[in-house]
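Below, read A as the first sequence line, B as the second, and so on, with proteins coming before strands; counting in each chain starts at 1. Heavy-atom basis, side chains included; hydrogens, waters and symmetry copies ignored. Owing to the predicted nature of the structure, the values given are computational and were not obtained by experimental measurement.
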There are 2 protein chains.
Amino acid sequence: MSSSAAEHSHADHHDHGKCIADALAAAREICAQRGERFTELRGRVLELVWESHRPIGAYAVLERLKADGRSAAPPTVYRALDFLMEVGLVHRIESLNAYIGCAHPGAAHASQFLICKDCGTAEELESPAIDAALAAAAGDHGFKLAGRVVELSGTCKSCTGS
Amino acid sequence: MSSSAAEHSHADHHDHGKCIADALAAAREICAQRGERFTELRGRVLELVWESHRPIGAYAVLERLKADGRSAAPPTVYRALDFLMEVGLVHRIESLNAYIGCAHPGAAHASQFLICKDCGTAEELESPAIDAALAAAAGDHGFKLAGRVVELSGTCKSCTGS
DNA sequence: CCGGCCTTGGTATAGTATATCGTACTCTAT
DNA sequence: ATAGAGTACGATATACTATACCAAGGCCGG
Ligand SMILES: [Zn+2]
Ligand SMILES: [Zn+2]
Ligand SMILES: [Zn+2]
Ligand SMILES: [Zn+2]
C-alpha cells in the first residue's frame, strides 16, 4: 500500500482499515434498512472512495476499478456514485468535481466542507449555526431552500502548524 | 432582442439595457483604477455574461462571440472570464459550471448565491451573518479560511408564487 | 525605433459527464 | 418452476467543460 506524505502529516492518523470497514458495514446496514441493493460493485466503489480518504475523482475511481481486473467504463462508476449519493453514503464536492464518503451517513443532514489546499483533505462539518444562517438568509428572500453547497477552502490545522 | 418566459416571470423586471450599461461602466472604472486593460474582448464577454442575466456557461459565451462574426476558441473566452473573475467583475457558480456578473463589483466581498431550479436565476447575497457563521466554524477547527463557495438551490420567490 | 510585456488567435488535448441500447440478474406472482 | 417486471450492469459513443502550448500582433517605456 502507498501513503502520501500529506496523509502522514495528519495528526489524527487513525486506523485506516477500520475506518473503511466501519463505513462499509454502516453502508450495508443503511441499504438494508432502505430496501436498496448494496451490490458488490457499489460496495467496491464506496470502498475506493473511502480508501482515498480525501475527495477522489470519478475517473480515478474508474482506474482503480480497472486495476481490479474488472471491466468498467465511465457510466459504471457514475451510476454507482449516483446511487451512493442518493442513499447519502457519499457527497460530491462541486468545487473539485470529486466525491468523498459521508462522515455521518444514515441521517439526513446538511453538511459543509473544509477543504485544505495543501493536503487535499476535506473535513465534513454539520454546523447548525451555519445551516441556521443559510435558512434565515433564504427565508429573508422568500427563497424555498432545497439544496446547499458549502465548500470552504483554505489551510487545515495540521498544514498550518507545519 | 429575445426574452424568455422565465425572464418575464420575474417581479423585478428592471431595465435590462441600463443594467448592462451600468455594469460595463463600473467595469471600465474599476479596471482603470487597478491599472488593468479593459479590452474590447473583455468588455464584450462581460456584456454577454450580463445579457444572459443568469449564470451562463463558457461555451454559451463562446457561441455568442462567434455569432458576432468574431473568431474565437475556448481559450479566448476562458482567458477573458479568468481575467474578469480576477478583477472581481464576474463570479463562477461551481455547482453549475457557469458564470455570472458580480452584483457589487469593486469591493472585495464574500458572496452567496440563491439559485432557482425553476427559472435559473442566481441572486447574489452578501450576508454578514452567513459569513460570520462560516468564519466561526472554520476558526473552531483551526482552519485558515481562504475561499468560500456557498450556493443554495431551491425555488425563488417569483417561481414559488406562480 | 527597439525590446519587453501583455493580449489574442489558433490548434490540440485533457478531464468530466451523459445518452443509449442490450443483456443479465433479482424478485415476485402465478 | 416459469414468466414477467423491474433493476443493475456492460459496452460504445458522444457531449460538455477546461487547459496546454505556441505563434502572431498590439501596446508602451526606453
Ligand atoms: Zn455527510
Ligand atoms: Zn492540510
Ligand atoms: Zn459579487
Ligand atoms: Zn425562479
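Backbone-only contact: B:Arg42 has heavy atoms under 4.0 Å from sugar-phosphate atoms and none from a base.
Counting non-hydrogen atoms of other residues, nucleotides and ligands closer than 6.0 Å to CD of B:Glu36 gives a total above 12. Counting heavy atoms of neighbouring residues, nucleotides and ligands inside a 6.0 Å radius, atom CD of A:Glu86 does not exceed 12 of them.
Looking at A:Leu114 and A:Leu125, their side chains come closer than 4.5 Å, going by heavy atoms from C-beta outward. Counting only heavy atoms from C-beta outward, the side chains of B:Asn97 and B:Arg92 approach each other to under 4.5 Å.
Note: CG (B:Leu81) to P (C:dT7) measures 15 Å, nearest angstrom.
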Q: Start with the C-alpha distance between B:Arg34 and B:Val87, add both sets of side-chain angles, then the distance that settles side chain to side chain contact (heavy atoms under 4.5 Å, CB included), and finish with yes or no.
A: CA-CA 8 Å; B:Arg34 301 184 41 155; B:Val87 181; 4.2 Å; yes

Q.
So if I define the base as every atom that isn't primed, P, OP1 or OP2, how would nucleotides 12-18 of chain C read as a B/S/- string at a heavy-atom cutoff under 4.0 Å?
A. ----BBB

For nucleotides 23-29 of chain C, give me every protein contact, N/O to N/O, under 3.5 Å, one pair per line with atom names.
none

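Side chain to side chain, B:Ser95 and B:Glu151 meet the donor-acceptor criterion of an N or O pair below 3.5 Å. For the residue pair B:Ser127 and B:Gln112, no side-chain donor N or O sits within less than 3.5 Å of a side-chain acceptor on the partner. B:His104 and B:Glu126 share a donor-acceptor pair across their side chains, judged by distance under 3.5 Å alone.
Ring pair B:His109/B:His91: centre-to-centre distance below 6.0 Å.
Nucleotides of DNA chain D with any atom under 4.0 Å from a heavy atom of chain A span, from 5' to 3', D:dA8 to D:dT12.
In this structure, B:Arg28 fails the cation-pi test against B:Phe38, since its NZ or CZ atom is not both closer than 6.0 Å to the six-membered ring centre and inside 45 degrees of the ring normal.
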